[in-house]
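Have a look at the structure below, then the notes.
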Amino acid sequence: MRPTMYLEHAQDVLGQWLDWRRESKTALVIVTATEGGAVRMPGAMMAVSATGDRCGYISGGCIDADVAHHARQALSTGRVKRLRYGKGSPFIDLPLPCGGAIDVCVLPNAQFSVLRACHDQLATRQPVTITLSDSGSLGLGHLPTPGALSFQYIPKLRLRIAGRGADSLALARLATASGIHTELHLRDAAEAQDAQDAHRSGTGRVTLLTVPSALPKLDDDPWTAFLLAFHDVDWEEALLAQALKGAAFYIGAIGSKATHARRCERLQSIGFTERETHRIRGPVGLIPSMRDASSLAVSVLAEIVEAYQHKVRSPFSSTALALLAGMPNVPDTHLFQSSSCTSA
């Protein structure tokens, strides 16, 4: 039996489920409801193979082993199982320390085509919804079936950093270690050492910038955060102007209040409105006036994750995806995102 993989995002759990399912039977476990202070949200997933391997998790460790045991039983019988833990559960020997309750559904024969489509849509940076019927069948999209539950899954957080030196590298290292896909834009040959350090730390993609007038093609999507870590007027104006034309949910720039004010004034002087420049966060970070790179990285990444969570949980805000706003009768308890960061 291989070690448990504590994968969090639905794309990762489903990717492993698909790999295992091609080899042998594999169960999918979905959290269908929670009460109280549950660790995971409705929609969280865990995959359990016939040999007992598992990935993903649905609690802080207090019930996962038992759920995996029931999942292997379900694989033997081929029958869907619905389990409840905590308040009102028949498993009185497995109380939840939080005092709440977790309901899960174990699917021994989940539809391969539906889960593959769900995984592939997330992999192409598109949100996706799956519907779980009362009988245990899955459907792609929000289906108005009586008794069915719908769960929406959001693409992973992606971070794009443009800058140089310790601040950029520290944030790239921390984000990469947190499982966030990170891209780093550095000056060309002048930052060769930074590029080598970024590659060694596992940063997903390193792009070398040449001149401000020839920036790489913008590919920010609504699940991308952009941080400017340059202290160079020519570069920051060009990079921020480009980012403001994109769909990034977060745009931040390192610097003092005075620097940020001058930065916004320059952008407004070349045609951006005050409303547009208001999208740029500055000074960045949840903790003000961080003076060393590692502390600044923690502060900035925490702010980015907070903004990402706010976007996901506030479907009717100005930064929300129109698809969410157009989904009728889907209560918040059925909206589930997975962040690297943070959830499945």
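In this chain, numbering begins with 1 at the start of the sequence shown.
- Donor-acceptor pairing under 3.5 Å is lacking for the side chains of Glu183 and His185.
- Scanning both residues, Gln242 and Pro216, for their nearest heavy atoms gives NE2-O, 2.9 Å.
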Intermediate values then yes/no, side-chain hydrogen bond (donor to acceptor under 3.5 Å, both in side chains), Gln73 and Lys81: CA-CA 9 Å; Gln73 289 184 334; Lys81 278 195 172 190; 2.7 Å; yes
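- Between the side chain of Thr26 and the backbone N or O of Trp17, no donor-acceptor pair lies under 3.5 Å.
- Atom CZ of Arg21 is separated from atom CD of Gln16 by 14.0 Å, given to the nearest 0.5 angstrom.
- Phe226 is listed as a side-chain neighbour of Leu240, based on a closest heavy-atom distance under 4.5 Å.
- Dense packing is recorded around CZ of Arg82, with more than 12 heavy atoms of other residues, nucleotides or ligands lying under 6.0 Å away.
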Would you sort out whether Phe151 and Leu132 count as a side chain to side chain contact (heavy atoms under 4.5 Å, CB included), showing the intermediate values? CA-CA 8 Å; Phe151 305 100; Leu132 174 65; 4.3 Å; yes
Under the salt bridge (Lys or Arg N to Asp or Glu O under 4.0 Å) criterion, do Arg84 and Glu35 qualify, and how do the steps go? CA-CA 11 Å; Arg84 182 177 177 87; Glu35 294 179 20; 2.9 Å; yes
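- With rounding to the nearest 0.5 angstrom, the OG1 atom of Thr32 is 4.5 Å from the CG atom of Asp103.
- Leu138 and Leu75 fall into different hydrophobic clusters, where Ile, Leu, Val, Met, Phe, Trp and Tyr side chains are chained together by heavy-atom contacts under 4.5 Å.
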Audit row: Arg205, Leu184, side chain to side chain contact (heavy atoms under 4.5 Å, CB included) steps and yes/no: CA-CA 6 Å; Arg205 188 170 76 185; Leu184 190 57; over 6 Å; no
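- To the nearest 0.5 Å, atom NE2 of residue His260 and atom NZ of residue Lys257 are 11.0 Å apart.
- In this view, Asp64 satisfies the salt bridge (charged side-chain N to carboxylate O under 4.0 Å, His left out) rule with no residue, not counting sequence neighbours.
- Closest non-hydrogen pair, Ala307 versus Tyr250, comes out as CB-CD1, 4.0 Å.
- Remark: the backbone N or O of Arg164 is paired with a side-chain donor or acceptor of Ser168 at under 3.5 angstrom.
- In this structure the side chain of Leu244 reaches within 4.5 angstrom of the side chain of Leu267, judged on heavy atoms.
- Pairing each heavy atom of Val106 with each of Ala74, the nearest pair is CG1-CB, 3.9 Å.
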Take His9 and Tyr153 through the test side chain to side chain contact (heavy atoms under 4.5 Å, CB included) and record every step on the way to the result. CA-CA 9 Å; His9 197 278; Tyr153 299 92; 5.8 Å; no
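- Residues Trp235 and Arg187 meet the side-chain proximity criterion, which asks for heavy atoms closer than 4.5 Å.
- The CG atom of Asp134 lies 8.5 Å from the CG atom of Leu149; values are rounded to the nearest 0.5 Å.
- A salt bridge does not link Asp219 to Arg125: none of the charged nitrogens lies less than 4.0 Å from a carboxylate oxygen.
- Within 6.0 Å of atom NZ in Lys25, 12 or fewer heavy atoms from other residues, nucleotides or ligands are found, so the atom counts as exposed in its surroundings.
- Between His70 and Tyr85, the ring-plane angle classifies as perpendicular under the 30° and 60° cut-offs.
- Clustering ILVMFWY residues whenever any of their side-chain heavy atoms sit less than 4.5 angstrom apart, transitively, puts Leu107 in the very cluster that holds Leu14.
- No side-chain heavy atom of Ile287 sits less than 4.5 Å from a side-chain heavy atom of Ser295.
- Within the 4.5 Å cutoff, no side-chain heavy atoms of Cys105 are placed close to those of Val29.
- Side-chain N or O atoms of Gln121 include one that pairs as donor or acceptor with a backbone N or O of Pro127 at under 3.5 Å.
- Of the possible polar contacts, one joining the Ser256 side chain to the Thr259 backbone as a donor-acceptor pair under 3.5 Å is found.
- Tracing side-chain contacts under 4.5 Å through hydrophobic residues (I, L, V, M, F, W, Y), one never reaches Ile270 starting from Leu218; they form parts of separate clusters.
- A distance-only check finds no donor-acceptor pair linking the side chain of Ser150 to the backbone of His142 [under 3.5 Å].
- Side-chain atoms of Met46 and Val67, non-hydrogen and from C-beta on, do get closer than 4.5 Å to each other.
- Less than 6.0 angstrom separates the ring centroid of Tyr308 from the ring centroid of Phe249.
- Between the side chain of Arg279 and the backbone N or O of Ala248, at least one donor-acceptor pair lies under 3.5 Å.
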For the pair His119 and Arg116, evaluate side-chain hydrogen bond (donor to acceptor under 3.5 Å, both in side chains) and give the outcome as yes or no after the intermediate values. CA-CA 5 Å; His119 170 271; Arg116 181 176 59 187; over 6 Å; no
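- With rounding to the nearest 0.5 Å, the separation of CD in Gln11 from NZ in Lys156 is 4.5 Å.
- At distances below 3.5 Å, not a single donor-acceptor pair connects side-chain atoms of Ser299 with backbone N or O atoms of Leu296.
- Of all the heavy atoms in Ala225 and Leu157, the pair that sits closest is CB-CD1, 4.4 Å.
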Where do Val31 and Met41 land on the side chain to side chain contact (heavy atoms under 4.5 Å, CB included) test, with the steps shown first? CA-CA 7 Å; Val31 175; Met41 292 177 63; over 6 Å; no
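- With Thr176 contributing its side chain and Ala172 its backbone, the two residues share a donor-acceptor pair below 3.5 Å.
- Between Gly78 and Asn109, the closest heavy-atom pair is O-ND2, 3.3 Å.
- Val233 and Leu209 fall into different hydrophobic clusters, where Ile, Leu, Val, Met, Phe, Trp and Tyr residues are linked whenever their side-chain heavy atoms come under 4.5 Å apart, directly or through other members.
- A donor-acceptor pair under 3.5 Å is absent between the side-chain atoms of Ser178 and the main chain of Ile180, judged by distance alone.
- The cationic atom of Arg40 (NZ for Lys, CZ for Arg) lies less than 6.0 Å from the six-membered ring centre of Tyr57 and within 45° of the ring axis.
- Counting all heavy atoms, side chain and backbone alike, Ala293 lies closest to Ala170 at O-CB, 3.7 Å.
- Linking Ile, Leu, Val, Met, Phe, Trp and Tyr residues whenever their side-chain heavy atoms come within less than 4.5 Å places Phe91 and Ile63 in a single cluster.
- Annotation: side chain of Val80 is in contact with side chain of Pro108 (closest heavy-atom distance under 4.5 Å).
- In this structure the side chain of His278 never reaches within 4.5 angstrom of the side chain of Phe272, judged on heavy atoms.
- Counting only distance, with no hydrogens or angles, the side chain of Thr131 and the backbone of Gly141 share a donor-acceptor pair below 3.5 Å.
- The CG atom of Leu227 sits 10.0 Å away from the CZ atom of Arg160 when rounded to the nearest 0.5 Å.
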